[in-house]
Amino acid sequence: MYGPKMTQFRVDKEIELSKCPTHVDFGRSEKELKKDLKKIRVELGEFQDTLYAHGKYSVLICLQGMDTAGKDSLIREVFKDFNARGVVVHSFKVPTALERGHDYLWRHYIALPAKGKFGVFNRTHYENVLVTRVHPEYILGEHIPGIHSVADIDQEFWDKRFDQINNFERHIAENGTIIFKFFLHLSKEEQRLRLLRRLALQRKNWKFSPSDLEERKLWKKYQHCYEDAINETSKPHAPWYIVPADNKKAARVVVASVLLEELKKYKDIKEPDLDDKIKANLALYKNELENEKE
C-alpha cells in the first residue's frame with residue numbers, strides 16, 4: 001500500500017517548508033494506521049536480525065522536529081518489535097562540559113551504531129546548525145579559535161559547518177552506515193494544541209517548560225533554519241524525508257515504511273551461509289540433542 005508513495009517525502013531538490021504538508025492520513029482510520037504499523041514493524045524487526053547476522057552494515061536514523069513533534073512516541077512505537085540489543089537510542093541534550101571540550105561532532109561520532117545494529121538519534125548533530133543558529137551566543141561556549149563574539153559568526157561560518165556535516169555523513173556512509181534523516185513537520189497550530197494538552201493533563205505536566213513558549217515565539221526563525229539545513233544536506237547517501245507530523249499515527253507509518261522500503265533494496269544483506277562442515281553434520285547434531293540423556 002505505502003511503497004510507491006514514500007518517495008514523495010524524500011527531499012531530492014530544493015524545498016520550501018511552507019509548501020510542504022503537515023498532515024497526511026492516507027485515507028486510513030487511526031485503527032487501520034495502527035494495524036499497518038504493526039505489520040511493517042514486524043518486518044523491520046526481522047530485517048534487524050538479518051542485519052545483525054550479516055554484520056557489515058549499521059543503520060543510523062536521525063529524528064529532528066520542533067518540540068511536541070512526536071519523536072519519543074515514534075521511537076517507542078516503530079521499534080517495538082526489535083530485539084532490545086539491536087537498537088540503541090541516544091537523546092542528545094545540552095552538551096556537557098566533557099562534550100564541550102571536544103568538537104561538536106565528537107559526541108555524535110562516539111554514539112554511532114556498531115555494525116549489525118540500528119542507532120536512533122533523538123535530536124542530532126543538526127542541532128549545531130539549528131538551535132545554535134537561532135541562538136548564536138551558544139557557539140561561544142564551544143571555544144572555537146577566531147570566534148570571540150557573535151559578530152564573528154557569519155554566513156561563511158554556517159556554510160563551513162554544513163560542509164563539515166556533509167563530510168561526516170559521507171565518511172560514515174562510505175564505511176557501511178545506512179543513513180536516514182527525518183524531519184517531523186509539525187504545524188504551529190498543532191504544536192499549540194499539544195502544549196495545551198500537556199498543561200491540561202497532570203500526568204504530562206512534567207513535559208512542559210515555560211521555555212517552550214519562548215522558543216515558540218521564534219517559530220519562523222526555526223523554520224528558516226530547518227529549511228536551510230535540509231536543502232544544504234539532503235544527499236543521495238544521506239537523504240532527508242519531510243514527514244507530515246500533525247497525525248502521529250500516520251507519521252509513524254511513514255517513517256517505518258520508508259525504512260522498510262529502502263532497506264529492502266540492500267540485496268547483499270542476508271544471513272551468512274553455514275560452514276560446509278557444520279551444514280553437512282546438521283542431522284548428526286539434531287540427533288544428538290534429541291537422544292540426549294541426563
- Message: Just checking D154: does its CG atom have more than 12 heavy atoms from other residues, nucleotides or ligands closer to it than 6.0 angstrom?
- Response: yes
Contacts satisfying salt bridge (Lys or Arg N to Asp or Glu O under 4.0 Å) that involve residues 41-50 (not counting sequence neighbours) are R41-E77, R41-D81, E43-K264
Residues 133-146 vs salt bridge (Lys or Arg N to Asp or Glu O under 4.0 Å), sequence neighbours excluded, gives R133-D228, E142-R161
_Whether D67 and R198 form a salt bridge (side-chain N of Lys/Arg under 4.0 Å from carboxylate O of Asp/Glu) is what I want to check._
no
Please confirm whether the backbone N or O of A229 pairs with a side-chain atom of T233, one donor and one acceptor, at under 3.5 Å? yes
**Asked** Is there a donor in the side chain of D163 and an acceptor in the side chain of N167, or the other way round, less than 3.5 Å apart?
**Response** no
### Query
Any luck finding a side-chain donor-acceptor pair between Y104 and Q164 under 3.5 Å?
yes
ring-ring contact (aromatic ring centres under 6.0 Å, His included) pairs touching residues 163-205, sequence neighbours excluded, are H125-F168, F182-Y241, F183-H185, F183-Y226
Query - Intermediate values then yes/no, side-chain contact (heavy atoms from CB on, under 4.5 Å), K115 and Y52 - result: CA-CA 7 Å; K115 291 184 184 298; Y52 180 81; over 6 Å; no
Quick note, ring-ring contact (aromatic ring centres under 6.0 Å, His included) partners involving residues 64-88, not counting sequence neighbours, are F79-F82, F82-F118
Taking every heavy atom of A245 against every heavy atom of A69, the minimum-distance pair comes out as CB-O, 3.9 Å
Between the CD atom in E262 and the OG1 atom in T7, the distance rounded to the nearest 0.5 Å is 9.0 Å
The salt bridge (charged side-chain N to carboxylate O under 4.0 Å, His left out) partners of D72 (sequence neighbours excluded) come to none
Across all chains, not counting sequence neighbours, the ring-ring contact (aromatic ring centres under 6.0 Å, His included) partners of F157 are none
Item to check | NZ/K93: more than 12 non-hydrogen atoms of other groups inside 6.0 Å | outcome: no
By salt bridge (charged side-chain N to carboxylate O under 4.0 Å, His left out), K286 pairs with (sequence neighbours left out) none
Those residues at least two apart in sequence (or on a different chain) that pass salt bridge (charged side-chain N to carboxylate O under 4.0 Å, His left out) with R192 are E189
Problem - N-O pairing of D12 and R10 below 4.0 Å - result: yes
**Asked** For residues Q64 and T124, is any side-chain donor paired with an opposing acceptor at under 3.5 Å?
**Response** yes
_I'd like to know whether K181 forms a side-chain contact (heavy atoms from CB on, under 4.5 Å) with E169, so could you lay out the CA-CA distance, the side-chain angles of the two residues, the decisive distance to 0.1 Å, and finally the verdict._
CA-CA 11 Å; K181 299 180 297 193; E169 292 177 349; 2.9 Å; yes
Tell me whether the count of non-hydrogen atoms from other residues, nucleotides or ligands lying under 6.0 Å of CD in E290 goes above 12. yes
Residues passing the salt bridge (charged side-chain N to carboxylate O under 4.0 Å, His left out) test with K160, sequence neighbours excluded, are E156
Scanning both residues in full, the closest heavy-atom pair of N231 with I15 reads OD1-N, 2.8 Å
Sequence neighbours excluded, the answer for side-chain contact (heavy atoms from CB on, under 4.5 Å) partners of S234 is V11, P239, W240
Under a side-chain separation threshold of 4.5 Å, the hydrophobic residues clustered together with I110 are L98, W106
Pairing donors with acceptors under 3.5 angstrom, does anything connect the side chains of D246 and T22?
yes
Which atom pairs, one a donor and one an acceptor, fall under 3.5 Å between side chains of residues 207-215 and the rest of the protein, sequence neighbours left out?
{"from": "S209", "atom 1": "OG", "to": "S211", "atom 2": "N", "distance (Å)": "3.3"}
{"from": "S209", "atom 1": "OG", "to": "S211", "atom 2": "OG", "distance (Å)": "2.9"}
{"from": "D212", "atom 1": "OD2", "to": "S209", "atom 2": "N", "distance (Å)": "3.1"}
{"from": "E214", "atom 1": "OE2", "to": "K217", "atom 2": "NZ", "distance (Å)": "3.3"}
{"from": "E215", "atom 1": "OE1", "to": "H135", "atom 2": "NE2", "distance (Å)": "3.3"}
{"from": "E215", "atom 1": "OE1", "to": "Y222", "atom 2": "OH", "distance (Å)": "2.2"}
{"from": "E215", "atom 1": "OE2", "to": "H135", "atom 2": "NE2", "distance (Å)": "3.0"}

